[in-house]
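Proteins get letters first, then strands, A, B, ... in listed order; numbering begins at 1 in each.
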There are 2 protein chains.
Amino acid sequence: MPKMSDVAKLAGVSTATVSRVLRNPDTVTPSTKEKVLEAINQLNYQPNMLARHFRRTETNTILVLVPNISNTVFSEIVGGIEEEAAQNGYRVLLRNTNNQLENEYASIEHLKQRQVDGMIMLSPKLDEETLIEISHQYPIVLATAHLETPTIPFVSIDNVGSSEKATEHLIRLGHRWVAHISGPMYSLISRNRYEGYQNAMKKHGLNPEDKFVREGEFTYESGYEHMLDLLSQKEVPTAVYAASDDMAIGAINAANELGVKVPEDLAVVGFDNIKFASMFNPSLTTIAQPLHGMGQRSMELLLKKLNGEAISQTEHVLPDKLIIRNSCGAKHKEKLLPM
Amino acid sequence: MPKMSDVAKLAGVSTATVSRVLRNPDTVTPSTKEKVLEAINQLNYQPNMLARHFRRTETNTILVLVPNISNTVFSEIVGGIEEEAAQNGYRVLLRNTNNQLENEYASIEHLKQRQVDGMIMLSPKLDEETLIEISHQYPIVLATAHLETPTIPFVSIDNVGSSEKATEHLIRLGHRWVAHISGPMYSLISRNRYEGYQNAMKKHGLNPEDKFVREGEFTYESGYEHMLDLLSQKEVPTAVYAASDDMAIGAINAANELGVKVPEDLAVVGFDNIKFASMFNPSLTTIAQPLHGMGQRSMELLLKKLNGEAISQTEHVLPDKLIIRNSCGAKHKEKLLPM
DNA sequence: TTGTAAGCGTTATCAG
DNA sequence: CTGATAACGCTTACAA
């Protein structure tokens with residue numbers, strides 16, 4: 001494995017010059033640059049990044065913490081991050097936390113030990129205090145996350161508003177008994193989506209009764225179980241808004257299991273617009289987040305942090321969109337109720 | 001940021017001793033070890049991994065190349081890898097190739113530049129020659145891949161046999177016109193699965209006609225398109241075996257689109273047992289690969305390579321399983337035809 | 001514009 | 001069992 005001194009020797013220059021050719025080519029005379037490049041070629045020299053990183057205490061690599069790599073929501077965000085990173089000479093490495101808080105915490109080690117220069121956390125589960133503490137020491141950005149006190153840059157959508165929109169869509173289709181299967185309440189996102197649901201209900205003079213609200217875990221299984229439960233009551237909802245597509249699909253399958261037809265007997269709206277949402281039968285009406293754009297924006301913010309630029313705005317709320325497909329029954333109806 | 005020399009000074013020992021406490025605690029007297037640990041604690045010292053890695057020319061990190069992080073097949077394999085890696089003090093970083101050959105090739109840089117010690121490639125697209133060349137220089141292992149010449153350790157299932165099993169299952173349900181939507185033929189896996197399909201057909205005296213075979217790309221869209229095409233012919237298959245669940249789901253939706261009921265009018269079998277296979281309507285009959293186990297095994301093999309142990313066996317074929325659900329119609333039939 | 005030389009923080013070798 | 005010291009390969013003042 002040839003080293004820089006080998007190249008220097010062959011080119012008849014000093015290692016300093018070789019280093020300059022590699023990192024500041026403009027500060028070197030074309031003719032010597034030529035010689036050096038030729039030597040590099042001849043020896044098939046590759047800089048030892050371990051040495052370079054050590055010397056410069058930086059890696060040009062960022063870490064993305066993904067709760068669950070099999071969730072298309074996250075993989076699309078990662079796509080946006082990678083694009084922006086590549087354009088700026090950064091590498092992206094992913095770490096799957098498997099939704100384990102401990103893994104999330106453990107990944108700070110990568111930063112502490114300087115394996116990566118910065119980190120983007122997708123839907124972090126760590127408490128706000130801990131996050132702020134980390135952010136105090138290392139460049140981090142959050143995505144699909146929301147903070148009470150936006151001291152750390154984060155990228156998100158308006159979860160309250162989008163939830164309101166989703167719920168209102170069901171109400172305008174004539175439903176009065178709209179149920180909600182929420183995400184876990186320890187997550188601010190879940191609380192926000194719940195809040196949006198409540199807002200919409202109240203706005204239309206409906207009472208968001210406890211018997212129609214269930215706290216799920218964003219998973220298929222929890223959607224399934226809670227729907228079985230909701231449908232086993234004396235009074236049964238005619239519509240349900242689930243805070244994730246996985247839960248919405250679970251809910252639909254539970255309804256089918258009980259002979260309740262979707263969307264005829266039960267209208268369903270999900271959240272996320274995962275890849276499977278359009279493939280499922282019935283196709284899912286859902287809220288789409290601008291995932292790619294969210295990834296890009298997060299990386300832009302992280303780049304600013306890495307370059308020591310000031311970040312004037314920490315709260316980045318991007319626009320979402322209600323995508324109407326078949327599960328809500330809108331395509332069966334002639335028209336919606338007025339707003 | 002305290003360094004080792006700070007700890008040494010505080011503990012009244014040399015840096016060599018501190019280093020020993022950290023890496024070979026048994027070679028140090030308990031009492032001095034105590035002192036050192038206390039100093040470490042007091043200073044909240046964290047070793048600088050960049051320096052350590054540089055010095056030792058190793059990172060204790062491996063890279064997993066994933067074609068598509070949103071494919072549950074891969075995420076489960078990664079789960080197995082991570083488990084095995086963690087037990088052996090290794091970190092796992094992922095890199096999404098997005099199915100781009102160029103990204104796959106580019107990721108060799110991580111190895112060249114020593115950012116990681118080794119690599120596991122999931123379903124690599126690079127040609128065998130290139131792979132062997134890489135393997136000659138760096139520790140790599142392949143998973144869900146198959147080589148003509150098994151010079152590189154790889155973990156796989158018996159794609160021919162499992163395909164045969166899937167096709168035969170349809171034949172035993174009484175189908176004679178069984179179509180096959182394959183993966184791309186540049187991939188050996190696809191060719192193997194196609195071979196299995198052919199074997200089963202011939203074994204039962206059926207002619208695997210070209211008009212019933214289509215080359216897809218493992219994607220939902222390709223399954224959808226090819227099924228539309230298959231069903232638009234004069235003679236129409238009554239069963240289809242798709243080489244991936246994504247394609248099988250696409251095929252089912254295409255059939256539905258044309259008013260062809262699954263499984264009543266068309267029996268479908270997929271491959272992979274992705275998470276959605278059981279959630280879909282109808283639930284998918286499919287071949288399940290022991291994904292977690294495959295991940296584990298790949299990491300075991302990579303560990304051997306990293307430790308310089310000899311690998312006696314390079315070909316690792318794990319057992320698969322046919323999972324019978326609703327899409328094949330077996331649950332409607334009284335009994336299967338004899339083998 | 002180029003070269004010299006001093007580190008970066010850790011580990012490994014060799015004495016003691 | 002412990003300490004002194006020389007690397008590891010690269011970058012970067014500083015000097016020429």
Side-chain angles (χ1 to χ4, degrees), chain A residues 1-40 43-61 89 109-117, chain B residues 1-40 43-61 89 91 109-117 308:
Chain A
M1 195 98 294
K3 49 179 84 165
M4 196 176 265
S5 56
D6 298 326
V7 175
K9 202 184 299 172
L10 182 61
V13 298
S14 72
T15 59
T17 301
V18 177
S19 177
R20 279 190 277 260
V21 168
L22 255 33
R23 303 192 50 78
N24 304 82
D26 302 335
T27 67
V28 169
T29 316
S31 68
T32 59
K33 191 189 335 189
E34 192 82 7
K35 281 189 298 183
V36 171
L37 288 175
E38 180 148 340
I40 286 176
L43 296 173
N44 190 21
Y45 165 75
Q46 286 274 347
N48 179 333
M49 283 303 174
L50 252 34
R52 175 181 288 180
H53 293 160
F54 165 53
R55 181 54 231 248
R56 299 178 45 94
T57 49
E58 68 181 36
T59 60
N60 274 309
T61 306
E109 299 294 311
H110 289 284
L111 289 163
K112 270 196 191 156
Q113 305 175 346
R114 305 166 195 294
Q115 299 229 77
V116 295
D117 299 343
Chain B
M1 195 101 289
K3 50 179 81 166
M4 196 175 265
S5 56
D6 298 326
V7 175
K9 202 184 301 172
L10 182 61
V13 298
S14 72
T15 59
T17 300
V18 177
S19 179
R20 278 190 278 260
V21 169
L22 255 33
R23 301 191 53 78
N24 303 81
D26 302 336
T27 67
V28 170
T29 315
S31 67
T32 59
K33 191 187 337 186
E34 192 83 8
K35 279 189 298 184
V36 171
L37 289 174
E38 180 147 341
I40 286 175
L43 295 173
N44 190 22
Y45 165 75
Q46 286 273 346
N48 180 334
M49 284 302 174
L50 251 34
R52 173 180 291 179
H53 293 159
F54 165 53
R55 181 56 231 248
R56 298 177 46 93
T57 49
E58 68 180 39
T59 61
N60 274 308
T61 305
R91 295 228 177 74
E109 300 293 310
H110 289 285
L111 288 163
K112 271 196 190 155
Q113 304 176 348
R114 305 165 192 296
Q115 298 229 79
V116 295
D117 299 342

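Here the CE atom belonging to A/M49 is positioned 11.5 Å from the CZ atom belonging to B/R114, to the nearest 0.5 angstrom.
In the set C/dA12, C/dC8, C/dT10, the nucleotide with an atom closest to the side chain of B/R56 is C/dA12. Taking the side chain of A/N48 as heavy atoms from C-beta on, and the options C/dT10, D/dT11, D/dG9, the nearest nucleotide is D/dG9.
In this structure, the CZ atom of B/R114 is 21 Å from the P atom of C/dT10, given to the nearest Å. Spacing between atom CG of A/N24 and atom C1' of D/dC10 amounts to 14 Å, rounded to whole angstrom units. Taking atom CD of A/E34 as the reference point, atom C1' of C/dT1 lies 17 Å away to the nearest angstrom. Between the CG atom of A/L50 and the P atom of C/dT11 there is a distance of 13 Å, given to the nearest Å. When rounded to the nearest whole Å, the span between CD of B/Q113 and C1' of D/dG9 equals 14 Å. One interatomic measurement links the two molecules: NZ of A/K3 to C1' of D/dG9, which rounds to 7 Å at whole-angstrom precision. Rounded to whole Å, atom P of C/dT11 lies 10 Å from atom NE2 of B/H53. Computed from coordinates, the A/K9 NZ to C/dG3 P distance equals 15 Å when rounded to whole Å.
Heavy atoms of other residues, nucleotides or ligands lying less than 6.0 angstrom from CD of B/E38 number 12 at most. Other residues, nucleotides and ligands contribute at most 12 non-hydrogen atoms within 6.0 Å of the CD atom of A/E34. Heavy-atom contacts from other residues, nucleotides or ligands closer than 6.0 Å to CD of A/E109 number more than 12.
If you check distances only, the side chain of B/R52 never reaches the base of C/dT10 with a donor-acceptor pair under 3.5 Å. For D/dA7, the base has a donor-acceptor partner in the side chain of B/R55 [N/O atoms by modelled type, under 3.5 angstrom].
Contact between B/V28 and B/T32 at its shortest, heavy atoms only, is CG1-OG1, 3.0 Å.
For the pair B/L37 and B/K33, the minimum side-chain heavy-atom distance is below 4.5 Å.
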Taking only distance into account, with no hydrogens and no angle test, what donor-acceptor pairs under 3.5 Å do side-chain atoms of residues 2-24 of chain B form with protein atoms, sequence neighbours excluded?
from  : atom 1 : to    : atom 2 : distance (Å)
B/D6  : OD2    : B/K3  : N      : 2.8
B/S14 : OG     : B/A16 : N      : 3.3
B/S14 : OG     : B/T17 : N      : 3.3
B/S14 : OG     : B/T17 : OG1    : 3.4

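For the helix from C/dT1-D/dA16 to C/dG16-D/dC1, the terminal axes (five pairs an end, C1' atoms, rotation from four pairs onto the next four) enclose an angle of 30°, given to 10 degrees.
Proximity of a side-chain donor or acceptor of A/T59 to a complementary backbone N or O of A/T61 within less than 3.5 Å is detected.
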Atom pairs, N/O to N/O, protein against nucleotides 1-4 of chain D, distance under 3.5 Å?
from  : atom 1 : to    : atom 2 : distance (Å)
D/dC1 : O3'    : B/T29 : OG1    : 2.5
D/dT2 : OP1    : B/T29 : OG1    : 3.0
D/dT2 : OP1    : B/T32 : OG1    : 3.0
D/dT2 : OP2    : B/T29 : N      : 3.0
D/dT2 : OP2    : B/T29 : OG1    : 3.4
D/dT2 : OP2    : B/T32 : OG1    : 3.3
D/dG3 : OP2    : B/S14 : N      : 3.1
D/dG3 : OP2    : B/S14 : OG     : 3.4
D/dG3 : OP2    : B/T17 : OG1    : 2.6
D/dG3 : N7     : B/R20 : NH2    : 2.7
D/dG3 : O6     : B/R20 : NH1    : 3.3

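Side-chain polar atoms of B/R91 and A/Q113 form a donor-acceptor pair below 3.5 angstrom.
In this structure, B/F54 forms no aromatic stack with the base of C/dT10, since the conditions of centre separation below 5.5 Å and plane angle below 30° are not both met.
Within the 4.0 Å cut-off from OP1 or OP2 of D/dC10, at least one side-chain nitrogen or oxygen of A/Y45 is found.
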